[in-house]
Amino acid sequence: MKLSKKILFQVHSWIGIKLSILFFIVCFSGTLATLSNEMDWLYYPGLRASGEGERKSYNELARAVQNAYPNGELTYC
């Protein structure tokens, strides 16, 4: 059975359309996952730092965390 170029082209086009839809979904969802923190920052003003107030030192923050969670362990990356 010999397949003509026209039939092969139609099969190739059909597979290409299906795969392009799949690749679009994968790439679009990956983009949304990558930009999720920035989208949250845009939609929820409470996540934004205002820049107002006094800056705390790292030691003060570590002490506050240890006081709030005495059984917890503070690790550094």
Please output the side-chain donor-acceptor pairs of residues 9-30 that fall under 3.5 Å, not counting sequence neighbours, one pair per line with the distance.
residue	atom	partner	partner atom	Å
S13	OG	F9	O	2.9
S20	OG	G16	O	3.2
S20	OG	I17	O	2.8
S29	OG	I25	O	3.0
S29	OG	V26	O	3.1

Contacts under 3.5 angstrom, residues 64-72 side chains, donor-acceptor by atom type, not counting sequence neighbours:
residue	atom	partner	partner atom	Å
N67	ND2	R63	O	3.3

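Partners of E73 under the side-chain hydrogen bond (donor to acceptor under 3.5 Å, both in side chains) rule, at least two apart in sequence or in another chain, do not exist in this structure. Checked against side chain to side chain contact (heavy atoms under 4.5 Å, CB included), T31 has the following partners two or more places apart in sequence or in another chain: L35. For K5, there are no side chain to side chain contact (heavy atoms under 4.5 Å, CB included) partners two or more places apart in sequence or in a different chain.
The hydrophobic cluster containing W41, built from Ile/Leu/Val/Met/Phe/Trp/Tyr side-chain heavy atoms closer than 4.5 Å, also comprises L42.
Taken from CD in E38 to CG in L47, the straight-line distance is 11.5 Å, to the nearest 0.5 Å.
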